[in-house]
Amino acid sequence: MTSRVDVVVIGRTSDVRAVAEELAASQTVVFVTDRHDQARAAERAGVSTHRTTFETGLGREGVAAEAALVATEEDAVNLLLTQHLRVRGDVDTVITRINDETRRVAFDDVATETLTPAETDVRTVRDTLEAS
């Protein structure tokens, strides 16, 4: 993932993949996941994908994008990936899902914007991207 894209969507679930698919209708999107079934489904829908493991950040790959959405179901993984994008990536806006509000302070200096799980739908993500 070295060429610059509009949005990188990082997640494991079908709802996050659906956000990537919707955004791909009007932007250059790469869906990053560690789940082969989600990657295959995104590819069938015509979305570019990148498969990696999240436990090591995103590996050695550099990410270049206008924006990124980090939305796994684990806050520790989201924090690691958000930090990886900030340190190793070239990403202007990082939107991160926080699953447990008590952990919000951990994301204060890292994420550009934060969303709750209920806000991680395509309309809210698109509005957040446009506002950033």
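Here the structure is a predicted model, which is why all the values come from computation and not from measurement. In this chain, residues are counted from 1 in sequence order.
- Defined by atom type and a distance below 3.5 Å, a donor-acceptor pair is present between the side-chain atoms of T72 and N78.
- Between R35 atom CZ and T13 atom OG1 the span is 8.5 Å, to the nearest 0.5 Å.
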Candidate pair T124 and D127, rule side chain to side chain donor-acceptor pair (under 3.5 Å), full reasoning:
CA-CA 5 Å; T124 305; D127 290 348; 5.7 Å; no
Under the salt bridge (charged side-chain N to carboxylate O under 4.0 Å, His left out) criterion, do R12 and E74 qualify, and how do the steps go?
CA-CA 10 Å; R12 294 176 164 148; E74 297 174 55; 2.7 Å; yes
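- Using a 3.5 Å distance cut-off with no hydrogens or angles, the side chains of R51 and T33 do not pair a donor with an acceptor.
- In the model, E113 has no side-chain atom that pairs as donor or acceptor with a side-chain atom of T128 under 3.5 Å.
- Between the side chains of T112 and R86, at least one donor-acceptor pair of N or O atoms lies under 3.5 Å.
- The hydrophobic clustering, which links ILVMFWY residues whose side-chain heavy atoms are closer than 4.5 Å, places V63 and V32 together.
- The closest donor-acceptor contact from the side chain of R4 to the backbone of A65 lies under 3.5 Å.
- The hydrophobic cluster containing L85 does not contain I98, counting ILVMFWY residues as joined when their side-chain heavy atoms lie under 4.5 angstrom apart, directly or transitively.
- Counting heavy-atom neighbours within 6.0 Å of D108 CG, excluding the residue itself, gives a total above 12.
- Taken together through direct or relayed side-chain contacts under 4.5 Å among Ile, Leu, Val, Met, Phe, Trp and Tyr, V125 and V30 form parts of separate hydrophobic clusters.
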